[in-house]
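These notes concern the structure reproduced below.
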Amino acid sequence: MARRPNRPIRASRRRGFGIDYPRRGKRTWRRWIPSWRQVLSLVVLGFAALTGLFAAVYESVDIPDEKTEARRQGTVYYWADGSQLVSVGSVNRQNVTLADIPDSVENAVIAAENETFYSDPGVSATGIARAVVSMVSGGETQGGSTITQQYVKNTYLSQEQSATRKFKEFFISLKLNNKKKKGEILQGYLNTSWFGRGAYGIQAAAHAYYGIPAKDLDPSQAALLAALLKGAEQYDPAGSGGNHERAVDRWAWILDRQVETGTMTKAERATYRKFPEPKPATKSTSLGGQTGYLVDIANKYIKKRTGLTDKDLFRGGYRVHTTFDKARVEQLERAVRSVRERDLDPEKRPEDKYVEVGAASVRSDGAVVAVYGGADAVTHFANNADTSGVPVGSAFKPFVLAAALQHGDGITLDSGYDSTGRLIKDGPYAVSPASPGAGPDPLMVTAPTPLRDALINSANATFVMLGKEIGLKKVKELAMSAGLHEQSLARLDKSFPLGTSTPSAVRMADAYTAFSNDGMRAEPYSVTRMTRDGETVEGFGKPEPQRAMDASVANDMNRTMRLMAWTRLSKDGKLTALADPGFGDDLAAAGTGKDDRMKSAWFIGHNKGLTTAVTMFRNKPGTPQLLGMQGVGGPDSERGNVFPLRIWNAYVTGK
């Protein structure tokens with residue numbers, strides 16, 4: 001019987017699942033290239049898997065409780081001892097219906113934020129992709145969300161910037177778009193959006209900016225409010241000159257966009273050429289007195305440490321534990337008030353008008369213990385304790401001398417300049433005749449005045465020469481090492497050592513701690529702990545001390561400033577610190593003097609572990625330049641320099 005030949009076994013039988021891969025009958029690299037059928041099968045299977053996954057996730061994501069934000073409590077700030085400082089009220093929001101919102105508001109918002117709102121599916125996949133890529137790569141936070149997505153973030157989700165939150169936002173927005181009408185979503189968005197000035201929602205914003213209900217807004221006002229949605233901290237015209245410029249540009253752009261989208265005619269656009277200036281910003285009466293300034297300093301620190309914004313903080317629910325000492329804040333306020341009432345008389349002396357005071361008290365570890373920001377945070381918005389702009393004058397000279405001791409290659413407190421302008425580094429000094437050819441009547445060369453005495457007597461010429469001797473860049477570097485911000489430092493010219501820079505009182509007090517702390521200083525801090533809904537907010541803790549100068553330099557400076565403090569105190573019969581036995585050796589200070597030509601007066605003193613900076617200046621509201629200090633307090637006031645010293649004295653002695 002003939003033997004049947006062996007039949008070849010099909011690839012589909014020889015290979016699992018009928019997949020012919022690597023491909024039989026192909027040679028070289030072609031064996032490893034899938035066929036078009038295989039590619040198509042993989043695409044179909046992948047699409048089906050993604051569709052199934054998408055559907056599963058879509059079904060599993062629920063729309064959270066919309067009322068959570070409505071139940072949100074205010075943010076509470078606490079004194080250092082744990083007692084309550086203030087509760088900044090719950091969310092300022094008044095819900096209105098679309099019927100009470102003019103079409104011009106809807107048109108402006110849609111033109112500015114989401115032109116395709118009525119036709120899109122509620123999400124922007126490209127916008128979310130950009131945001132996720134930016135966050136993963138460590139870039140800046142990206143926008144690009146639809147109005148629906150922004151509404152979801154406002155109402156249902158936290159404000160954190162994370163891929164997880166973006167993922168939830170996408171699916172909740174998609175589901176919400178399928179369940180709610182567009183009008184309902186737009187109404188919710190307008191009622192929950194942040195407009196700045198403590199206002200959530202269009203109704204609260206209309207009152208905050210124009211003092212009218214939303215229904216009375218005209219198209220020009222509507223465009224300005226729509227501009228604020230991009231970021232009220234950058235677009236509130238009252239914030240700064242830069243804010244005003246940005247607000248005007250975006251206001252005009254939004255009006256132009258409405259013409260482009262067909263919701264405003266060119267003729268109507270032409271009627272809105274004048275920018276609708278909002279009314280001045282106001283503060284809650286609960287933030288009156290020093291409270292508003294304290295909250296301002298705490299919020300600045302919070303935003304710096306955590307990345308939270310004013311919008312986030314106004315959402316409420318936070319518990320903020322500060323470094324502020326209630327008794328010291330009250331004592332500092334009393335000290336300022338007592339000196340003003342006793343020594344200044346704006347009714348009789350025009351020179352006493354428009355006088356402002358700022359002060360800050362800082363511990364050696366950087367804790368801000370007390371501030372005086374102005375008479376009342378509700379009526380005087382600028383925080384005089386934490387605002388740059390006031391030249392520091394001779395109070396800057398200790399940094400110049402410290403830089404000389406640090407980098408001067410042999411310069412000591414006993415070094416000095418003779419009458420020819422020559423630096424003599426070593427003492428004792430001898431008087432020598434002038435060089436030949438000095439003139440028909442040669443004079444004796446005056447022995448140098450030690451740098452120690454030059455600081456005590458605030459000798460301007462000496463410090464101009466000293467700055468040139470060691471290099472102004474070295475002085476600037478040491479001042480920055482001590483904690484002064486570079487942006488507050490003046491340009492490096494011959495007047496730089498005389499104090500043309502404009503650091504804040506908080507920064508000056510903190511920088512001076514290095515002199516009494518062996519050359520170490522820490523960044524000023526005002527918040528020790530913060531929670532929200534019981535969860536700890538990360539980013540707080542005592543700053544690590546940093547070396548600002550050598551310990552030997554700091555100790556030399558501290559001894560010199562101790563002599564300077566007693567010299568200043570002994571000149572004023574109204575001071576009581578000399579009679580206080582508790583002062584002892586724990587006292588050091590510097591400040592401006594009668595030869596200063598600055599439009600400010602300063603005194604910075606250290607005592608009992610606290611360094612306190614007090615500044616006084618004259619600032620007429622609405623004018624950009626400071627007024628002169630000549631004649632403030634009468635002809636014997638040495639250009640007002642005695643008053644910061646008297647305030648410091650009243651504060652540290654409680655008298």
Side-chain angles (χ1 to χ4, degrees), residues 290 293 329 331-362 370-377 380 382-397 458 488 498-509 512 565 568-569 571-572 574-575 577 589-605 611-621 623 625-652:
Q290 298 307 303
Y293 303 125
V329 170
Q331 191 166 320
L332 183 55
E333 186 175 23
R334 282 196 303 271
V336 174
R337 188 167 56 247
S338 66
V339 171
R340 291 185 70 114
E341 292 174 352
R342 183 184 64 191
D343 296 325
L344 302 182
D345 192 349
E347 297 297 326
K348 294 182 179 180
R349 274 193 302 268
E351 296 86 355
D352 291 358
K353 289 184 177 180
Y354 312 120
V355 171
E356 295 288 344
V357 175
S361 197
V362 179
V371 300
Y372 179 87
D376 190 336
H380 178 75
N383 188 340
N384 295 342
D386 197 36
T387 300
S388 299
V390 181
V392 73
S394 291
F396 188 77
K397 288 175 181 173
S458 193
S488 72
L498 303 182
T500 50
S501 299
T502 58
S504 68
V506 170
R507 282 284 157 181
M508 282 298 287
Y512 266 49
R568 293 289 181 90
L569 288 168
K571 285 184 177 180
D572 195 328
K574 294 186 178 182
L575 302 180
T592 51
K594 63 180 180 180
D595 293 330
D596 275 83
R597 293 295 180 263
M598 305 297 176
K599 295 180 179 180
S600 60
W602 286 77
F603 186 83
I604 301 101
T611 303
T612 304
V614 183
T615 181
M616 179 180 283
F617 54 95
R618 295 178 69 213
N619 183 27
K620 184 178 180 180
T623 58
Q625 301 296 326
L626 298 181
L627 301 176
M629 291 289 291
Q630 299 93 329
V632 173
D636 299 327
S637 67
E638 293 186 359
R639 300 173 63 86
N641 283 293
V642 297
F643 302 122
L645 172 55
R646 289 177 183 174
I647 291 170
W648 178 86
N649 171 79
Y651 168 59
V652 297

Exercise. Taking only residues two or more places apart in sequence, or in another chain, which ones meet A375 in a side chain to side chain contact (heavy atoms under 4.5 Å, CB included)?
Worked result: Y372
Problem set entry | Side-chain touch L344/F643, heavy atoms, less than 4.5 angstrom | yes
Exercise. Got T592 and M598 here, is their nearest side-chain heavy-atom distance under 4.5 Å?
Worked result: no
Exercise. Does some side-chain heavy atom of D596 sit less than 4.5 Å from a side-chain heavy atom of S458?
Worked result: yes
Problem set entry | Separation between CE of M616 and CZ of F603, rounded to the nearest 0.5 Å | 13.5 Å
For this session: For V392 and P503, work out which heavy atoms get closest and say how close.
Result: CB-CD, 4.0 Å
Exercise. Which distance, rounded to the nearest 0.5 Å, do you find between the CD1 of I647 and the OG1 of T615?
Worked result: 9.5 Å
Problem set entry | Smallest separation among heavy atoms of V362 and A509, with atom names | CG2-CB, 3.8 Å
For this session: Would you name the heavy atoms of S504 and A385 that are closest together and state the gap between them?
Result: CB-O, 3.8 Å
Exercise. What residues, two or more places apart in sequence or in another chain, satisfy side-chain hydrogen bond (donor to acceptor under 3.5 Å, both in side chains) together with E356?
Worked result: N384
Problem set entry | Check: Y651/S361 side-chain N/O donor and acceptor closer than 3.5 Å | yes
Exercise. For D345, which residues count as a side chain to side chain contact (heavy atoms under 4.5 Å, CB included) partner, sequence neighbours excluded?
Worked result: E347, K348, R349, D352
Problem set entry | Nearest non-hydrogen partners of K620 and Y354, listed with the distance | CE-OH, 3.7 Å
Problem set entry | Check: Q290 side chain, G374 main-chain N or O, donor-acceptor pair, under 3.5 Å | yes
Exercise. Are L498 and K397 close enough that some pair of their side-chain heavy atoms sits under 4.5 Å apart?
Worked result: yes
For this session: State whether the side chain of Y512 and the backbone N or O of R507 hold a donor-acceptor pair below 3.5 Å, judged by distance alone.
Result: no
For this session: Determine whether R618 and M629 make a side-chain contact, defined as any pair of heavy atoms from C-beta on separated by less than 4.5 Å.
Result: yes
For this session: Could you tell me which non-hydrogen atom of I604 sits nearest to which non-hydrogen atom of M508, and how far apart they are?
Result: CD1-CE, 3.9 Å
Exercise. Is a side-chain donor or acceptor of W602 paired with a backbone partner of P391 at a separation under 3.5 angstrom?
Worked result: yes
Exercise. Is there a side-chain contact between V355 and V632, using heavy atoms and a 4.5 Å cut-off?
Worked result: yes
For this session: Look up atom CG in N619 and atom CG in L627, then write down how far apart they are to the nearest 0.5 Å.
Result: 7.0 Å
For this session: Compare every heavy atom of S394 with every heavy atom of G591, then report the nearest pair and how far apart it is.
Result: O-CB, 3.5 Å
For this session: Report yes if some heavy atom in the side chain of R340 is under 4.5 Å from a heavy atom in the side chain of R337; otherwise report no.
Result: no
